[in-house]
Amino acid sequence: MMMNPDIPVLLKNEDRFVVVSHTNPDGDAIGSLLGMYLALKEMGKIVWALTDKEFPHLYGFLPGIADVLTEPSSIQSPNWIVVLDVADKPRIAGDISGFQKNAKLINIDHHPTNPAFGDVNFIDTSATSTAELVFRVLKGAGYALSTNVGKCLYTGLVTDTGCFRFSGVNSDTMRIAAEMLDTGFESYEITRRMFEEFPLARLHLERLVLDRAEVLIGGRLVLSVLKTDDFTRLGADMSDAENLVNRLREYQGVQAAILITDMENGLVRVSLRSKDSVDVSAIAQTLGGGGHKYAAGIKSKLPVNELKERLVHAVSDAFEHANSQ
Ligand SMILES: [Mn+2]
């Protein structure tokens with residue numbers, strides 16, 4: 001999709017913005033939010049960054065993070081709500097209900113399942129991260145990236161591309177990344193924190209995930225399970241399991257990987273990843289989730305065993321469908 005020409009103009013000419021992203025935020029959600037927030041601030045705008053609870057410690061090094069609000073009471077009459085990397089409106093993190101009557105919503109995202117819920121939308125599913133789209137609208141608004149904004153957006157880009165590995169990475173991704181780096185920081189400042197600074201608890205979770213991996217459907221699906229008790233015992237929190245599912249996807253010949261996390265309060269979180277032809281966002285949607293072709297998620301209230309059975313069926317059907325095409 002072409003860039004909506006209104007958005008750079010709006011960012012340039014308008015004032016009083018609230019910037020939000022999605023619940024259980026990942027590097028792209030946080031990096032995009034902070035990058036947009038800091039850029040608007042540098043442009044002299046009145047702007048607030050809002051979420052629902054404190055960001056995971058992993059991102060504590062990012063500039064602007066101390067300004068992020070977890071409740072909206074100090075936000076005064078915003079005119080615009082900038083929603084970043086949010087696949088659908090109910091996934092917005094932070095209570096924006098008090099502003100919606102008087103503020104218009106700008107929706108910037110790269111999820112193919114996004115229903116264009118904004119008053120103004122810029123959805124480009126060819127982008128590997130929302131951070132790249134934020135980069136493009138800011139550039140379109142005539143804003144020259146500072147080092148701080150470059151760092152935030154680069155964090156989004158490297159997390160959503162698995163450090164330039166995933167499908168969809170192309171020369172545009174590299175060119176945009178290069179322009180971010182040109183603002184004056186080292187790539188390794190960010191990538192070591194994102195990929196090489198895990199707490200021991202994370203590595204122990206990884207061992208459990210690999211120990212419990214089940215190889216199914218002739219090696220084309222690998223599935224594993226984590227339980228609340230594992231996190232408690234290892235002193236890990238939910239964010240320590242972020243992207244662990246990717247390890248299951250590394251098995252040779254695998255086309256889909258699933259990590260099921262049995263959380264407290266009867267809620268089950270499912271992360272799906274794929275390679276090649278299988279569209280895991282379609283599978284996720286049949287069970288109330290969403291995402292991208294190669295990376296999707298579900299939150300479900302179904303019992304783990306039933307959910308597992310349904311997922312294996314759905315993946316098996318998807319394989320059959322793909323083969324018959
Ligand atoms: Mn994203």
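First listed ligand is number 1; within each ligand, the first listed atom is number 1. Keep in mind that this is a model prediction, so the values were computed, not measured.
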Looking only at side-chain N and O atoms, does Gln285 offer a donor or acceptor that is under 3.5 Å from a partner on Ser281? no
Compute the centroid of each ring, for Tyr154 and then for Phe185, and state whether the two points are separated by less than 6.0 Å. yes
At the Mn ion (ligand 1), what is the angle formed between atom OD2 of Asp28 and atom NE2 of His110, rounded to the nearest 10°? 100°
Would you mind reporting whether Leu311 and Leu272 have side-chain heavy atoms less than 4.5 Å apart? yes
What N/O/S atom of Asp85 is the closest to the Mn ion (ligand 1)? OD1
Qualifying residue for side chain to side chain contact (heavy atoms under 4.5 Å, CB included) with Asn246, from Leu248, Leu244, Asn243: Asn243
With a cut-off of 2.8 Å, does Asp160 put an N/O/S atom close enough to the Mn ion (ligand 1)? yes
